[in-house]
Protein chains: 2
Amino acid sequence: MGLKCLIIAAGQGSRLQQRGDSKPLIPILGIPLIERVIRSAMEAGAEEFYVVIGWQSNLVRDFLERLAKRLAIQITPLVNEDWEKENGLSVLKARDVLQEPFLLLMADHLFDPELVRSLTTHSLPDEEVALVVDSDIHNPLIDMDDVTRVKVKNGKICDIGKEMTDFNGFDTGIFLCSSAIFEALEQNREKDGDTTLSGAIRVLAEDGRAKAISSSNGFWIDVDDPAAFKRAEKALLDRLRDKLTDGPVSRYLNRPISVMFSRHLVKLDITPNQISLFLFLCSLVATGLFMMGGYIFLLIGGVLAQFASIVDGCDGEVARLKYQGSDFGGWFDAVLDRYADAFLLFGLTWHLLAREANGWVLFTGFMAIIGSFMLSYTADKYDNLMRKRIRAGSGAGLRMGRDVRVFLIFLGAATNMVLPVLVIIAVVMNVEVVRRVRIASVG
Amino acid sequence: MGLKCLIIAAGQGSRLQQRGDSKPLIPILGIPLIERVIRSAMEAGAEEFYVVIGWQSNLVRDFLERLAKRLAIQITPLVNEDWEKENGLSVLKARDVLQEPFLLLMADHLFDPELVRSLTTHSLPDEEVALVVDSDIHNPLIDMDDVTRVKVKNGKICDIGKEMTDFNGFDTGIFLCSSAIFEALEQNREKDGDTTLSGAIRVLAEDGRAKAISSSNGFWIDVDDPAAFKRAEKALLDRLRDKLTDGPVSRYLNRPISVMFSRHLVKLDITPNQISLFLFLCSLVATGLFMMGGYIFLLIGGVLAQFASIVDGCDGEVARLKYQGSDFGGWFDAVLDRYADAFLLFGLTWHLLAREANGWVLFTGFMAIIGSFMLSYTADKYDNLMRKRIRAGSGAGLRMGRDVRVFLIFLGAATNMVLPVLVIIAVVMNVEVVRRVRIASVG
């Protein structure tokens with residue numbers, strides 16, 4: 001059945017008070033910390049949530065109630081009146097409701113769902129716990145003064161604590177627990193009054209019952225103070241940049257700028273599809289400017305088209321940052337892009353024909369439009385087999401995506417050399433289509 | 001492991017002698033009967049073949065050797081010197097090589113792979129055989145004077161034979177056998193000298209060991225005499241017609257004609273891709289004719305374009321009839337069709353502009369081209385989800401595929417009313433795209 005997940009969200013988070021009253025509710029790039037944790041856990045397979053609340057419990061409880069409705073999931077709040085004390089007490093609050101193995105997460109630790117998946121794919125013997133350990137001890141996202149250190153040997157935790165000097169990893173705050181964790185907490189409390197979670201892990205580690213699942217490149221960050229908050233924001237944005245399908249102009253010009261825009265757009269109540277539509281309208285206006293004739297309009301149109309192309313990444317970025325991605329969104333964006341490309345090239349063709357009605361210009365414009373279309377068509381149309389063959393054959397070949405196309409249009413408009421650009425687009429796009437056909441045919 | 005398949009191809013087939021010396025090698029729509037049986041069995045999962053040969057055994061053996069190489073499969077010939085006697089003796093030839101359950105097929109029975117799949121998905125207990133029984137007793141493909149009749153009750157065969165009057169199905173010649181079939185044949189031979197396969201089935205049926213897998217609409221035909229051969233040819237061609245994605249013009253005009261062409265094309269050494277390419281060149285010539293100006297050229301171009309559209313089904317039909325279908329073929333055809341559509345519409349636009357240079361004409365032509373493209377793009381681009389939504393929403397809606405588009409172009413050219421047709425295409429295609437976006441967005 002569904003994986004259960006316990007999230008500790010009871011603390012005050014006083015070091016982040018400037019950003020909000022309740023730490024779990026502090027929005028980072030438009031989404032509260034606790035929501036990010038819950039949605040990442042959902043992506044990794046968690047289905048039922050228990051959240052231990054304490055400081056500002058009413059605020060958090062209200063938010064969780066609305067979130068549960070919005071995501072159509074079950075979230076049960078558990079109140080810890082002793083939220084000012086150690087975090088182990090928060091974990092103990094779940095003792096009566098969680099028997100089978102469960103995920104244990106921290107409301108202020110953001111992470112890549114892959115890290116949780118690496119845990120849940122391991123089988124957990126009864127009476128054990130497992131912790132994801134970050135074995136990259138030079139991880140720049142880590143605050144060395146605050147992080148919990150771990151010593152791992154042969155896949156087991158030997159020791160855990162903040163003060164250790166002999167360590168080879170960090171506690172990511174991502175656990176898979178059996179009910180043994182509750183017993184260890186109780187045992188430790190009775191023995192020497194230690195109610196920290198780390199203390200309980202140390203007890204289990206002594207018996208060889210604390211597994212370590214090492215990861216050296218998974219993203220995670222403890223959002224504990226303003227500096228960490230800034231690092232987390234930057235890390236979330238940086239992760240948008242490594243989109244493998246980005247063409248050269250996208251990678252080096254468009255994407256860095258669009259990420260800057262997205263950073264602010266996430267804070268507004270704008271959907272990705274609204275962004276797509278707005279940018280399409282920009283391209284239409286650019287087309288109109290091209291058709292007006294004259295260098296000034298041509299230049300402004302070119303700049304506007306390039307602007308739209310730069311910001312074209314924002315719809316996808318906002319969707320990823322705000323968990324608003326959808327099949328329709330990607331499809332809608334692609335459809336609008338095809339229309340936008342065709343309109344821009346038509347605008348340039350019209351611009352030239354207005355100067356001088358010439359059959360070759362008309363033909364060139366037509367071939368540029370058809371080539372651009374066919375490039376997208378051949379990229380999307382083929383099934384997986386074709387895609388693999390074409391990829392295998394492409395090697396370091398030309399990447400002539402939309403980013404390059406619009407950049408060429410911009411250059412042509414800015415330098416008032418429209419015909420050469422149309423010729424280049426017409427030739428390059430259609431040659432690339434022929435190349436794809438040849439590669440695909442070699443089966 | 002791989003399903004083994006025994007095929008009986010020993011008989012003389014004297015009633016079909018006018019069509020070829022060896023019955024299994026007689027080509028039907030370009031492919032020898034035995035190759036059709038083997039390829040259909042392969043589609044249904046068979047991987048290793050044993051073929052009992054007799055009459056003209058050298059000819060058949062040579063063919064099978066080449067076929068095995070061509071298809072990269074294993075085909076073992078088993079010679080039955082007594083090929084003039086009953087068919088049960090041919091089955092017995094496989095006694096030493098086939099122990100586990102195997103498919104038993106007749107070289108002169110063509111069938112839809114689905115029928116074989118209906119057998120192999122049933123589990124066969126040891127000591128039993130199963131036969132696909134055609135329960136459609138009015139099946140027009142059946143020669144009532146020659147067919148073997150079957151009486152089925154509760155999923156078991158009660159009786160089988162040619163003379164029976166009390167029957168409720170027909171023997172399709174498609175069996176799944178355990179080695180019990182060999183014992184039944186031996187037993188029957190010793191008892192009363194009966195060496196027919198039906199006799200052995202009757203023996204098993206008496207013990208309740210002959211399962212019947214009923215089918216009422218699967219295609220199969222016993223190609224036994226010239227009349228059956230003609231029926232089989234017609235049936236294979238008819239099956240090409242029920243392509244669900246065909247638009248209205250395709251269904252009622254193009255497809256019936258293209259099937260007539262395909263019937264002859266399969267006999268030539270022409271590949272489906274060569275057909276696609278030739279038809280694309282026809283569209284290019286039509287475009288050139290449009291651009292020449294004048295009604296005569298316009299008319300000839302329109303006829304040529306419509307001809308190419310009519311025959312456009314042939315590549316797919318030949319591919320299906322000759323088992324030459326490939327992922328690349330379908331993709332290549334689609335890519336060429338997109339170019340052809342765009343060129344034809346460009347030709348018409350040019351034709352109009354040559355008469356009178358007019359911005360609205362240029363814009364209309366552009367919108368017609370972009371609309372046609374987007375219609376194909378939106379149809380292919382979206383993933384399964386989108387496809388389902390759009391289908392669910394389309395209802396009895398407009399089907400504006402390539403068939404309709406080219407037919408409109410032909411009408412426009414033939415009636416010399418090019419502009420109205422361009423306007424219609426521009427409006428209808430783009431409206432349809434907008435409709436799809438709206439349907440897809442309702443998720």
Side-chain angles (χ1 to χ4, degrees), chain A residues 273 277 287 291 326-343 345-347 349-350 353-354 357-359 362-363 365-367 369-390 430 433-434 436-443, chain B residues 273 277 287 291 326-343 345-347 349-350 353-354 357-359 362-363 365-367 369-390 430 433-434 436-443:
Chain A
N273 292 341
L277 203 56
T287 302
M291 291 169 74
S326 70
D327 288 330
F328 173 71
W331 181 78
F332 183 59
D333 186 34
V335 169
L336 290 182
D337 281 353
R338 297 297 82 69
Y339 268 111
D341 286 354
F343 273 106
L345 292 169
F346 177 72
T349 308
W350 183 288
L353 287 174
N358 178 318
L362 180 59
F363 183 71
F366 163 74
M367 287 305 291
I369 291 172
I370 193 175
S372 301
F373 250 121
M374 289 309 293
L375 207 70
S376 301
Y377 185 74
T378 52
D380 292 317
K381 160 79 189 170
Y382 51 46
D383 46 37
N384 280 325
L385 176 71
M386 290 301 116
R387 199 173 291 135
K388 261 182 240 152
R389 280 192 206 156
I390 289 179
N430 289 292
V433 170
V434 172
R436 286 184 183 176
V437 169
R438 283 189 50 204
I439 292 169
S441 72
V442 181
Chain B
N273 292 339
L277 203 56
T287 303
M291 292 170 72
S326 70
D327 289 331
F328 172 71
W331 182 77
F332 183 59
D333 186 34
V335 169
L336 290 182
D337 281 353
R338 297 295 83 71
Y339 268 111
D341 286 354
F343 273 105
L345 292 169
F346 177 71
T349 308
W350 184 287
L353 287 173
N358 177 319
L362 180 59
F363 183 70
F366 163 73
M367 288 304 290
I369 291 172
I370 195 176
S372 301
F373 249 121
M374 290 306 295
L375 206 70
S376 300
Y377 186 75
T378 51
D380 292 316
K381 160 80 189 171
Y382 50 45
D383 46 38
N384 281 323
L385 175 71
M386 288 301 115
R387 199 173 289 133
K388 261 181 242 152
R389 281 193 206 156
I390 287 179
N430 288 293
V433 171
V434 172
R436 286 184 183 175
V437 169
R438 285 189 49 204
I439 291 170
S441 71
V442 181

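Order of the sequence lines sets the chain letters (A, B, ...), proteins ahead of strands, with each chain counted from 1.
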Quiz item: Taking all atoms of both residues into account, what is the closest heavy-atom pair of A:Val437 and B:Phe328, and its distance?
Solution: O-CE1, 3.5 Å
Quiz item: Can you tell me how far the CD1 atom of B:Ile370 sits from the CZ atom of A:Arg338, to the nearest 0.5 Å?
Solution: 10.5 Å
Quiz item: Could you state the interatomic distance from CE (A:Met367) to CZ (B:Phe343), rounded to the nearest 0.5 Å?
Solution: 4.5 Å
Quiz item: Does A:Asp337 have any salt bridge (Lys or Arg N to Asp or Glu O under 4.0 Å) partners at least two apart in sequence or in another chain, and if so, which?
Solution: A:Arg402
Quiz item: Stepwise, does the ring pair (Phe, Tyr, Trp, His ring centres under 6.0 Å) test hold for A:Phe373 with B:Phe373?
Solution: CA-CA 7 Å; A:Phe373 250 121; B:Phe373 249 121; 4.3 Å; yes
Quiz prompt | For the student: nearest non-hydrogen atoms of A:Tyr339 and B:Asn430, plus distance | solution = OH-OD1, 2.6 Å
Exercise. Return the option, out of B:Gly359, B:Ser326, B:Gly329, B:Ala354, with the maximum number of heavy-atom pairs under 4.5 Å with chain A.
Key: B:Gly359
Quiz prompt | Structural part of A:Ala342 lying under 4.5 Å from a heavy atom of chain B | solution = both
Practice problem: Could you tell me which portion of A:Asn273 (side chain, backbone, both or neither) has an atom closer than 4.5 angstrom to a non-hydrogen atom of chain B? | Solution: neither
Self-check item: Test item: B:Leu353 and A:Leu362 side chains (from C-beta on) under 4.5 Å apart, heavy atoms
Solution: yes
Quiz item: Is there a side-chain contact between A:Phe346 and B:Phe363 (heavy atoms, below 4.5 Å)?
Solution: yes
Exercise. First locate atom OH of B:Tyr377, then atom CE of A:Met374, and finally report the distance between them rounded to the nearest 0.5 Å.
Key: 12.0 Å
